[in-house]
Every structure is written in structure tokens, then in C-alpha cells.
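So you know, we letter chains A, B, ... as the sequences are listed, proteins then strands, and number each from 1.
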2 protein chains.
Amino acid sequence: MNFDPKTIIQRLQDADPQARGFVTVQERVYRELRTALVRGQLAPGRPVTLRGLAEMLNVSPMPVRDAVRRLIAERALMKLSNRRVAVPTMSPETFDEICRARLALEPEAATRALPGIDDRRLALLIELDKRCGGAMESGNVEHYMQTNQEFHFTLYTSVPQQVYMSMIESLWLQFGPFMRTVVGRWGTSRLIDQHQKAIEAIQSRNRRVLKEAIKTDILHGMRIIGEQVLNPHIAPDRNHHE
Amino acid sequence: MNFDPKTIIQRLQDADPQARGFVTVQERVYRELRTALVRGQLAPGRPVTLRGLAEMLNVSPMPVRDAVRRLIAERALMKLSNRRVAVPTMSPETFDEICRARLALEPEAATRALPGIDDRRLALLIELDKRCGGAMESGNVEHYMQTNQEFHFTLYTSVPQQVYMSMIESLWLQFGPFMRTVVGRWGTSRLIDQHQKAIEAIQSRNRRVLKEAIKTDILHGMRIIGEQVLNPHIAPDRNHHE
DNA sequence: TCCGGTATAATGTGATCACAAAATGAACTT
DNA sequence: AAGTTCATTTTGTGATCACATTATACCGGA
């Protein structure tokens, strides 16, 4: 055992990676870009430059390069004709694909996670649903989107399933930039809280009902985004750089 | 102007992008690593170093770094505890996840592709099936695996669907390294050619039958790999580096 | 005013270097 | 002889530079 002061501190930091912030710079950059994308802070079609992002985030271009490449691999950013990188634009076909992929993966992921949901996790889900419902009532779209994501991801990760989660995260990243188009055109009245149904299914350990609840929840949520994204007279102007 | 011999060679290669086959070095490295992984030329658990790969492929560590990061994002390589990179090992849980994910995505991808299959594509599929059948009869596992992949990917890409394809490619990359464990323990007798059934379904434009054919084809194919991978007394020793 | 060509600037890619962390192996202690 | 400590080597990460390619701005001629 090494009792170097430095080593001890290192050990403490390793014990709680969150406390240190992030392990590497590129990881920090990756997460910052990621959240910026999900929150719609980067407009679709907008060109992205390594040096520009580096300056914006006060880091050297190198970690940005790594983070951007990773996001490209996850389809959260797209490479244009030659070399240039941009925030992806959405087409009706792609949106349809994402919806179908979510429907194919997430209900399955939910039922797979069912055995891993203990009382503590269930309480957390109920809490998140309550917050999500509050956001719906108050019409706070951004808050709704965030708590909705937390609800889904908390549910799916009740059991470790890395293969599913990496694909699902990629899908959420892909439609993330378009959630902000929903702001201001928000009909809460049409939204029926499917989370409640999901929670009841969890409590009664009913896989079939859980699957159905997640399925309809996805359909409802995506319809809100899809209506905005896919109507040409509403959608924001797309800068087709290719 | 730099007259390093290495730089000059690089310049000559850059002069004719077509001859080199790929636009960038990292793309070439990426594909080489990718095929090496799929063909099981890199043993699971084996540690992978940037400088080592760079020397092996006669390139600088830089493009290797990019390619490796991309493969990590696609779950074709894994990052160990601290920094180090390795070929992933397979656990029964992960294998189960991959199977289920394939079953969730690929039958759907097939039926989505159905309207895009014209006569030319159908002829190609029939040709690939014939080759695949030949490989089965002759017991050539590697050839079977390759033509089987070509058949599936040709089918799915009959219609452009990038979202699905990137996820499916990632899945194939993940179980690719374990296909070679099948060699030598190959019971062709149990394999019934589901491709034939799929082709008939395509000809009659029957989505339900096509879905079912792909589903059973996946189940059969994965069972062959799974039996080898998941039986501890048969599976190769795993170097759990973490 | 509009178009086409040229010069300038900006960008991604690849190479090389510096450095801290980790792995490896040798020497040493018990 | 087995475990521990220390020195050396190796590795990933980040920074900086060179360069070819692409984009942008400018300008002259119709």
C-alpha cells in the first residue's frame, strides 16, 4: 500500500469520478456537446468546426476532435460531403426510422429491466413521474423533456444492459436537437400520462402491460416532436450544406 | 517542404486517392481493424495498443487513435479500467442482449426494405443464397459467415435506412470476434436454410413470412455461435483485465 | 448588375513532441 | 522463497505544427 499524499488523493478521486468532474478533457467536452445537442442549443444544419468549439469551450482542438468523432459515430453529428461536420438535419424518413427503432428497442429494454426494479428504484420512478406530470401541467416543455428522459433511462438501467443502452442513447441523441422545435407549440391536453400505467404494471409485475405502456408513451411523445419537425410550414429553415 | 522519406511516400499515396482505396488513412485503418475483428483475427481479451497497431499497419499512431475511438463508440472495442483498450470479451448476458437486439431490429429492417427490392436485387440475393448454401454443404464456416452477412446486409440495404443499419452493423461487429470459435465444431446438419424461405416471401411480397424467416434465421445462426461461446468448457480462456 | 477567376483565410488530417499515469521487471527485505 | 518497493519502460492524452483541401472574399470584365 502506498501512502503518498498524492496517491491517496488520486485514490479518493477515482473512488468517485463524479466528484472530480470527469476523467479526461475529451470526456468533459463530449458530455458538454452531448447535453448541448439534446437541449437543442445547437441548431440543426449548423456547421461545427473543431477550432471553433475548442475556443468556445476553452480547450485545445485535440480533445474536441476526439469528442466530435465519437459523436459522429453515435450519429449525433454528421459528416458532410468533404470533411466538414454539422449538426444533423432531420428528414421524415429518418424520423420514421428513429420512431420505429425506439419502438423496437425500448419496450423490450423495459421488460428486461423489470426484475431489477426494487422498492428504492420504484420510489425513484414514482418521484420522476410526479415531476414529469408537474412539468406537463405547468406547460414547461424543457422540464418535461428532461424528466421524461430521466424516467425512461432510470427504468431501463434498473438492470445492466449496455448493448441496449448504447443504442437507445444514440437514438435519443439523434432526435434530441429537434425537441426544442416543440417549444411554444405544445398541446398538453393531448398528453395522457403513460408513466402512471407503466408504474402500475411494474407494481403488479405485468410485463405485457409495461411493454404496452412504454410503447404508447413513445408514440405520444414522438408524435409531438414529429408534428413540428415534419411539417414544412412549421419546421425551421434547414441549411442543407450538401 | 519536408523531404522525409516517409512523408514523400505519404504524398505519393495521397496523389491517387482511388488507388489507395480510401479517402483518409484513418478510414483505411478503421476498415482494416473492422474486418480483422469480424474475422476473429484479434482474440477477445487481447490488449490493443495504439503504437502497436500503428507499427503493424505502417501508419502513424494518429489515424489509429481515431479509428480505435470510433470502434470503441461502436462497441467493437472496449475501454478497460484506466485508459487501456482491448478486444471485448463476451458474457452470457451480453450475448443474450445482442441476440434480442438483433431479433428486435433485423426482421423489422427486412420488411422495411421489402418495397425496395427490384428484380436485380432479388437476383443478387438468390445468388448470395446459393453461395451461402454451397458453403454450408461444404462445411466452410468462414465462407458461410461471410456470405450470410452479405445476404443480410444486401437485403436490409435495399432501401436506405441509415439509422437501422448503423445499429445492426454495430451488433454484427460485437459478435463478430466470436464467430471464429465456431470453427471445427460445426454441425451443418442442424442448419435449415432460412434464406430460401425469405426469398420466397420476397417474391410473394409477404411481409409476415419474411419477418418470420429472418427471425428464425437469426435464431439458428446465433445458436451456433452461442453454444460455443457460452459453454465454459469449450470457450477460449478469457483474460479479464478488469 | 452579374458572373468567373484568383487570392486569401479557414478547416480537417496527419505527424511529432511532452507529460502523467500505469505496467513491467529487477532488486531488496523479511 | 514470496511479497514489496523502486526504477525503467510503455501507454494514452493533450498540445502544437505542417500541409492539402475547401470555403470565402475580392476584384475585374461583361
Does one side chain, of A:Gln174 or A:Ser170, offer a donor that lies under 3.5 Å from an acceptor on the other?
-> yes
In whole angstroms, how far is the [atom2] atom of [N] from the [atom1] atom of [X]?
{"X": "B:Leu80", "N": "D:dT13", "atom1": "CG", "atom2": "P", "result": "12 Å"}
{"X": "A:Asn58", "N": "D:dG14", "atom1": "CG", "atom2": "P", "result": "15 Å"}
{"X": "B:Arg28", "N": "C:dT13", "atom1": "CZ", "atom2": "P", "result": "16 Å"}
{"X": "B:Glu55", "N": "C:dT16", "atom1": "CD", "atom2": "P", "result": "14 Å"}
{"X": "A:Met62", "N": "D:dC17", "atom1": "CE", "atom2": "P", "result": "14 Å"}

Atom pair CG/CZ of A:Leu37 and A:Phe178 - distance to nearest 0.5 Å | 10.0 Å
With sequence neighbours left out, write down each residue that passes side chain to side chain contact (heavy atoms under 4.5 Å, CB included) with A:Leu173, or none if nothing qualifies.
-> A:Arg34, A:Val38, A:Leu71, A:Glu74, A:Ala76
Residues in side chain to side chain contact (heavy atoms under 4.5 Å, CB included) contact with A:Thr154, at least two apart in sequence or another chain | A:Arg121, A:Leu124, A:Leu125, A:Leu128
State whether B:Glu55 and B:Arg51 are salt-bridged, where the test is any N-O pair (Lys NZ or Arg NE/NH1/NH2 against Asp/Glu carboxylate O) under 4.0 Å.
-> no
Atom pairs under 3.5 Å, N or O on each side, protein against nucleotides 9-12 of chain D: can you list them with distances?
{"from": "D:dG12", "atom 1": "OP1", "to": "B:Val48", "atom 2": "O", "distance (Å)": "3.4"}
{"from": "D:dG12", "atom 1": "OP1", "to": "B:Leu50", "atom 2": "N", "distance (Å)": "3.4"}
{"from": "D:dG12", "atom 1": "OP2", "to": "B:Leu50", "atom 2": "N", "distance (Å)": "3.0"}
{"from": "D:dG12", "atom 1": "N7", "to": "B:Arg51", "atom 2": "NH1", "distance (Å)": "2.8"}
{"from": "D:dG12", "atom 1": "O6", "to": "B:Arg51", "atom 2": "NH2", "distance (Å)": "3.1"}

Kindly assign one of parallel, tilted or perpendicular to the pair A:Tyr156 and A:His152, based on the angle between their ring planes and the thresholds 30° and 60°.
-> perpendicular
Report yes if a donor N or O on one partner sits less than 3.5 Å from an acceptor N or O on the other, where the partners are the side chain of A:Arg65 and the base of C:dG14; otherwise report no.
-> yes
